[in-house]
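Have a look at the structure below, then the notes.
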Amino acid sequence: MLRRSLPRRPEARRILLGTLLSAIGRGLTLPFLFIYLTDVRGLSDPRAGLVIGWYGAVTLALSPLGGTLIDRFGARRVVLPSLLIEAVGTGSLALVDSTASAFGVATVIAIGSSAIWSGQNTILASLTADDERQRVYGLNFALLNLGIGVGGLTSGAIVDVARPATFQAIYLLDALSYLTPAVILLTLPHVGHRLAAGAAGAKTGGGGYLTVLRDRPFRRLVIFGLVLTTCGYAQIEVGFTAYAVRVAEVTPRVVAWALAGNTLMIVLSQLLVIRRMEGRSRTRGLAVVGAVFATAWLTLGAAGLIGTGNALVAALGVVACAAIFGFGETMLSPVMPALTNALATDELRGRYNAMSSMIFGISGVIGPVTAGPLIGAADGKVWVAVVVGGCLAASLIALSLRPLLTAIQDGRPAATADRTPEPTPA
């Protein structure tokens with residue numbers, strides 16, 4: 001299955017290798033930024049939260065600019081400097097010693113990260129054919145999670161709050177990891193240039209974001225993504241953790257095991273899911289994702305009802321929720337970018353990918369802000385009802401998208417009638 005999921009072009013395989021190596025570095029630091037800022041550098045909890053929130057806000061604000069630059073100059077000219085800026089910013093976290101310096105470093109990191117994801121998706125789209133793109137994006141997601149998991153396990157054995165040097169070491173290693181995809185891209189001089197050279201007299205940019213927003217199928221896809229991620233992904237960091245600890249009353253260690261189970265589910269099942277989804281309707285797959293996410297939250301809700309009545313069953317429910325959610329991610333990760341690039345034109349591919357990545361940024365602001373008050377109402381029952389209902393609503397939106405797509409865009413084989421040869425004249 002791995003061999004079948006690999007892209008045909010060797011350049012795309014090397015790009016995937018860069019994803020894996022940089023993800024290991026990301027995994028070294030991903031779980032520890034809040035702890036590092038508060039317990040090691042002495043920032044208060046509210047100030048550390050503002051620093052992290054500022055990073056997200058700047059990244060979201062700059063993402064549209066990143067998409068425009070990718071279309072105008074090519075992904076290569078945007079991703080390479082972005083990776084270098086990201087490396088400098090991440091390494092500089094080792095030197096943070098005040099709130100002001102933390103905000104400054106967070107700004108640098110946000111500038112770098114604002115265009116990396118959309119740029120790399122655009123590069124992968126340029127190196128893959130329509131029939132393999134969905135498999136490649138799924139494999140990219142699996143490698144990303146594998147790298148983060150390996151990095152997290154490694155840093156967990158290294159860091160020590162009593163020894164700030166251990167945190168400085170992982171941030172420097174993370175900075176180096178961002179240089180690996182940059183080096184790989186430098187060894188591929190013909191990769192990542194402008195996809196649309198622009199015919200004589202043609203307008204550069206092809207209409208910009210207004211043209212993207214006028215694309216009715218893509219607009220429907222964006223609405224689906226916002227609803228699903230707000231009630232899904234955006235709830236993992238705050239909603240899931242808060243409900244598990246405060247309502248289901250499990251220990252933080254159980255939450256850590258649940259997140260590990262989520263990663264394990266993704267790594268083990270991604271290739272199988274890619275194979276099973278090939279040749280099937282993408283919109284129906286997205287609808288199934290909404291149903292799977294809703295099932296995950298219902299499982300967590302059941303764990304909350306059990307609570308202290310049976311601590312072991314409650315803990316198993318929390319872990320099962322994260323694992324079920326991970327299974328849903330394995331279906332979403334290949335389909336969402338593949339469908340985005342199936343709708344995109346070469347002239348606006350960077351903007352399409354930038355808007356797709358902005359979905360996660362917008363929901364990442366809405367989700368955490370709303371999770372706290374909802375969990376505080378009726379012992380978390382209101383929060384469970386809202387996120388379950390939101391995921392099911394996303395499923396209905398996905399099904400409404402199907403009539404707006406061609407069979408090829410939806411990932412289905414073309415209709416048999418379209419392939420019927422012309423009848424032989426009598």
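Position 1 is the first residue of the sequence; numbering continues from there. Heavy-atom basis, side chains included; hydrogens, waters and symmetry copies ignored.
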Closest heavy-atom contact between [X] and [Y]?
X	Y	answer
S63	A354	O-CB, 3.6 Å
R194	R72	CD-O, 2.9 Å
V267	A142	CG2-O, 4.2 Å
G225	M336	CA-CE, 4.0 Å
A75	I123	CB-CG1, 3.6 Å
A244	A248	O-CB, 3.3 Å

### Task
Carefully, step by step, assess R14 and L127 under the rule side-chain contact (heavy atoms from CB on, under 4.5 Å).
CA-CA 11 Å; R14 291 164 72 176; L127 295 173; over 6 Å; no
Find the distance between [atom1] ([X]) and [atom2] ([Y]) and round it off to the nearest 0.5 Å.
X	Y	atom1	atom2	answer
L28	I158	CG	CD1	6.5 Å
N140	S5	CG	OG	12.0 Å
L343	T406	CG	OG1	8.5 Å
L286	F224	CG	CZ	4.0 Å
M331	E329	CE	CD	10.5 Å
I70	R77	CD1	CZ	13.5 Å

Taking the side chain from [X] and the backbone from [Y], do they hold a donor-acceptor pair closer than 3.5 Å?
X	Y	answer
T180	L176	no
R246	G380	no
R135	I274	no
T330	Q270	no
R351	G67	no
R280	R276	yes
Y209	P64	yes
D410	R402	no
Q235	T230	yes
N145	T263	no

### Query
Is there a side-chain contact (heavy atoms from CB on, under 4.5 Å) between L93 and F167 once you walk through the steps?
CA-CA 9 Å; L93 279 171; F167 285 88; over 6 Å; no
Compare all side-chain heavy atoms of [X] with those of [Y] and state whether any distance is below 4.5 angstrom.
X	Y	result
L124	L16	yes
M355	L213	yes
E347	D71	no
L83	P181	yes
L228	L332	yes
L185	Q120	no
Y243	V318	no

### For C321, the option from L300, T295, L298 that meets side chain to side chain contact (heavy atoms under 4.5 Å, CB included)
L300
### Query
For Q134, which of L339, L139, V335 qualifies under side chain to side chain contact (heavy atoms under 4.5 Å, CB included)?
V335
### Task
Assign the ring pair W297 / F325 to parallel, tilted or perpendicular, where the plane angle (0 to 90°) is split at 30° and 60°.
tilted
### Query
Where does the angle between the aromatic ring planes of Y171 and Y36 fall among parallel (under 30°), tilted (30 to 60°) and perpendicular (over 60°)?
tilted
### Task
Kindly indicate, with the supporting measurements, whether the criterion side-chain contact (heavy atoms from CB on, under 4.5 Å) is fulfilled by L399 and T283.
CA-CA 6 Å; L399 292 176; T283 50; 5.8 Å; no
Taking everything shown except [X] itself, do over 12 heavy atoms lie less than 6.0 Å from its [atom1]?
X	atom1	answer
R219	CZ	yes
Y233	OH	yes
R284	CZ	no

### Query
Would you say the side chains of S177 and D174 form a donor-acceptor pair under 3.5 Å?
yes
### Task
Sort out for me which residue in N353, T128, D130 forms a side chain to side chain donor-acceptor pair (under 3.5 Å) with N341.
N353
### Message
Show, in sequence, the C-alpha distance, side-chain angles and deciding distance for L84 and V88, and conclude whether the side-chain contact (heavy atoms from CB on, under 4.5 Å) test is met.
### Response
CA-CA 6 Å; L84 295 177; V88 170; 5.6 Å; no
